[in-house]
Novice: 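Below is one structure. I have some questions about it.
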2 protein chains.
Amino acid sequence: MADDISWELYRTFLAVLREGSLSGAARRLGITQPTAGRHVALLEDAFGQPLFTRTQTGLKPTEAATALQGHAEAMESVAASLRRTGTGFREGEATGTVRVSASEVISMEVLPPALAALHQRHPGLRIEVDASNAVQDLTQREVDIAVRMAPPKQGVLVARHVGTVAVALFARDDYLARAGTPSSEDDLARHALIGYDRETPFIREARKAWPSWRRDAFTFRADSDLVQLALVRAGAGIGACQVALARRDPRLVRVLPAMVFPLETWVAMHGNLRTSRRHKVVFDALVACLQAHAGIQ
Amino acid sequence: MADDISWELYRTFLAVLREGSLSGAARRLGITQPTAGRHVALLEDAFGQPLFTRTQTGLKPTEAATALQGHAEAMESVAASLRRTGTGFREGEATGTVRVSASEVISMEVLPPALAALHQRHPGLRIEVDASNAVQDLTQREVDIAVRMAPPKQGVLVARHVGTVAVALFARDDYLARAGTPSSEDDLARHALIGYDRETPFIREARKAWPSWRRDAFTFRADSDLVQLALVRAGAGIGACQVALARRDPRLVRVLPAMVFPLETWVAMHGNLRTSRRHKVVFDALVACLQAHAGIQ
DNA sequence: CGTCGGCCATGCATAAATGTATAGCAGCTT
DNA sequence: AAGCTGCTATACATTTATGCATGGCCGACG
């Protein structure tokens, strides 16, 4: 069994896969084209099969190579995490880069003050925010710490439940003065509603609680929660909004208080990072920040 | 930014961490001690900090090195998967190794016939079974295909719901003749019950359905579901058992039919492996096998 | 207390991997 | 149709990484 496949080969393999040519991969990796070609040849040798069909315009991946791509990407992702963790580590101090993932709304509306304060206390800290609604997999994407709206499943994580963020319906006062205040869920049909466009798994789940919150009932549709929030703030109609955020704007009025959707909120981190000073610092800061956020009713 | 850290360095780094010495790592990797030392030195150079304190008896990892260990292990795991997938790939044929994870009970009682038949059809196939009740993370552990009792969360997976496996209470006929048949859930207190020892997250969830199924009520406690099953089959008392399994033993009698716990069962696989012939073959076989299993009422 | 075994560090020879240069081929553009 | 560009493959030179041998150090053991 050829156990001596250098991990380095995987890296060039992935680059060739991505660039579609030895020359391109070589450029990206800072090596030369013959070297890239030799790496691929070595890998093909080790696996006992071709990974690419050579053409004049580049290399076309075979079925086998396609099957391996995901793995290679996973390695790359982990390698990037490793490098990020290893760089800028200083005994006892919190220095270096930490990559945080959170939903768009949380990233925009909740985290910034906390992160700013954090940096004041730890000037050596570099913080990357990955704002995305897709459920990030800590092992998959390059993220050290994630704010999640679902309890973490994976055992290797250290996770802390920071409370429940309530989502409810809001509208600006002038909209309600204009269009009236709905008194029942059925009333919503006569209003300008602000909601989602494409249905995600999360929305599908949430819809069970709000049966009337259907796509075809919406006047404004947007995939971005930020856009929805902006529409609500602009008085365009009635939309869903985290209660703690709406509280900041005195003109936003809660309608149909019975309609509440609770978001169990968690902060999760790789168990490996428990011993890393800077990750612990950011983790604790996020926990404190979100506990405060979830505490607002 | 030194982006040119060879992935190969990570491999020796992990080996040094594991072996606790350059010499040991070198032996394991089939390189020499000076080379291992140089690799570590390169890595320390790239990270700008020491990873080990050199002693005469070996290398002691610093705080930084400890923080990196988990990442390095993750890389190793992925590399192993990659190698396994790449080796023995043959266009159109199902050859090579596939690693399957399932619960102990499923691994022991349900899969073997299906795997045996599968191998008959595809003699080039090598199958590894990882029997463990811990929820395996497909990206974390070295597993290609997993049989899970929970809907998969991660988007990168291809998952198939194969049905609902019902778990109910059973006892052997002679036990019931001896001790009587319980007529209500409260009656259970007077019986010899077979249950879990340590409470896992899964059991905590399941307990909500069966409030009377408490640890202190059990006569026999075992963490292993296999042992519990064996005790039920031996007529030791009343225990939980998958209905489909109990059906095989004519002496096992279902008690308190109202107490049923449904296990939603899924077969999950990396999306990357969709194009791999051998993985698809095993995936389909597992789906068929478990659909048949879940179909038994 | 001396010996043995295991470990790290260093200097040096060698083998291995990489880079350079070039040839050849295909597809575009003018 | 000729020239340009981008690609792979090969031959050759060179750098780089590796292995080998050795020395020094510490702890275990008889």
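Everything numeric here is computed off the predicted structure, so don't read it as measured data. Only heavy atoms go into these numbers, but all of them, side chains included; no hydrogens, no water, no symmetry mates. Throughout, protein chains are lettered first and strands after them, A, B, ... in sequence-line order, and every chain is numbered starting at 1.
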Novice: Measure from CZ on R38(B) to C1' on dG19(D) and round the result to the nearest Å.
Specialist: 8 Å

Novice: Is D144(A) salt-bridged to R99(A), going by a charged N under 4.0 Å from an acidic O?
Specialist: no

Novice: Please collect all ring-ring contact (aromatic ring centres under 6.0 Å, His included) contacts where either partner lies in residues 16-38 of chain B, sequence neighbours excluded, each pair once.
Specialist: none

Novice: Looking at residues at least two apart in the chain, or sitting in another chain, which of them share a side chain to side chain donor-acceptor pair (under 3.5 Å) with T12(B)?
Specialist: H39(B)

Novice: What are the 5'-most and 3'-most nucleotides of DNA chain C lying under 4.0 Å from any heavy atom of chain A?
Specialist: dT18(C) to dA26(C)

Novice: According to a strict under-4.0 Å criterion, is H39(B) in side-chain N/O contact with OP1 or OP2 of dT18(D)?
Specialist: yes

Novice: Would you call R18(A)-E76(A) a salt bridge at under 4.0 Å N-O?
Specialist: yes

Novice: Test of understanding: with side chain to side chain donor-acceptor pair (under 3.5 Å), list the residues that count as partners of E199(A), not counting sequence neighbours.
Specialist: R204(A), R207(A)

Novice: Excluding sequence neighbours, so at least two apart, what forms ring pair (Phe, Tyr, Trp, His ring centres under 6.0 Å) with H119(A)?
Specialist: none

Novice: For the helix from dC1(C)-dG30(D) to dT30(C)-dA1(D), how many degrees between its two end axes (five pairs per end), to the nearest 10°?
Specialist: 20°

Novice: How would you summarise protein contacts on nucleotides 21-30 of chain D per nucleotide, using B for base, S for sugar-phosphate only and - for none, with heavy-atom distances below 4.0 Å?
Specialist: B---SS----

Novice: Nearest-nucleotide wise, let me know which of G30(A) and G24(B) is further upstream toward the 5' end of DNA chain C.
Specialist: G24(B)

Novice: List for me each residue that meets ring pair (Phe, Tyr, Trp, His ring centres under 6.0 Å) alongside F13(B), sequence neighbours excluded, and say none if there are none.
Specialist: F52(B)

Novice: Tell me which pairs pass salt bridge (Lys or Arg N to Asp or Glu O under 4.0 Å) where either residue lies in residues 32-47 of chain B, with sequence neighbours left out.
Specialist: E44(B)-R54(B)

Novice: Take atom CG of L43(B) and atom P of dA17(D), then tell me their distance rounded to the nearest Å.
Specialist: 14 Å

Novice: Which residues satisfy the side chain to side chain donor-acceptor pair (under 3.5 Å) test with T32(A), sequence neighbours excluded?
Specialist: T35(A)

Novice: Scan G58(A) against the nucleic acid and name what it touches under 4.0 Å (heavy atoms): base, sugar-phosphate only, or nothing.
Specialist: sugar-phosphate

Novice: For Y196(A), give me all partners under ring pair (Phe, Tyr, Trp, His ring centres under 6.0 Å), at least two apart in sequence or on another chain.
Specialist: F218(A)

Novice: Quick one: side chain to side chain donor-acceptor pair (under 3.5 Å) partners of R215(A), sequence neighbours excluded?
Specialist: D197(A)

Novice: What is the distance, rounded to the nearest whole Å, between atom CZ of R27(B) and atom P of dG19(D)?
Specialist: 14 Å

Novice: For dT8(D), does OP1 or OP2 lie under 4.0 Å from any side-chain N or O of S23(A)?
Specialist: yes

